[in-house]
Amino acid sequence: MIFKDAPIKEDLLRYYIKNEACFLSKKRIVELGSKCYTILTIVSDERTLLAHSFGAIPVQMCQFHQLSH
């Protein structure tokens, strides 16, 4: 699980996990918020679970997983 600042291509958080889970994403987004980062968009391999979890933050499926479906 990687949380990245896309414009500067810097990894902000990196965690090794077995399975992506919505609650883990929420936990890390809260962690970034506590470090004064503003989340503008979320790109994930599991869009369906995350799409309704973050209010006004846009969520999209990553390109690799879009092409593999």
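Note that these values count all heavy atoms, side chains included, but never hydrogens, waters or copies made by symmetry.
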Check: What residue among Leu32, Ile42, Ile39 forms side chain to side chain contact (heavy atoms under 4.5 Å, CB included) with Phe3?
Finding: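 Exactly one option meets the side chain to side chain contact (heavy atoms under 4.5 Å, CB included) with Phe3, and it is Leu32.
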Give the minimum heavy-atom separation between [X] and [Y], together with the two atoms involved.
X	Y	answer
Leu40	Pro58	O-CD, 3.2 Å
Met1	Leu24	CE-CB, 3.8 Å
Asp11	Lys4	OD1-CE, 2.9 Å

Separation of Tyr37 OH from Ile29 CD1 (nearest 0.5 Å) =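 Rounded to the nearest 0.5 Å, the CD1-OH separation comes to 14.0 Å.
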(Q) Are there over 12 heavy-atom neighbours, none belonging to Phe23, within less than 6.0 Å of that residue's CZ? (A)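 For Phe23, atom CZ is not crowded (no more than 12 foreign heavy atoms under 6.0 Å).
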Take Ile2 and Arg28 through the side-chain contact (heavy atoms from CB on, under 4.5 Å) test and state the conclusion after the steps.
CA-CA 10 Å; Ile2 297 175; Arg28 300 310 172 207; over 6 Å; no
Could Lys27 and Glu31 be called an ion pair, given the rule that one side-chain N must be under 4.0 Å from one carboxylate O?
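No salt bridge links Lys27 with Glu31.
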Practice item. Only counting residues at least two apart or in another chain, list the ones meeting side-chain contact (heavy atoms from CB on, under 4.5 Å) with Lys18. Key: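 Testing Lys18 for side-chain contact (heavy atoms from CB on, under 4.5 Å), a comparison that skips the adjacent residues, returns none.
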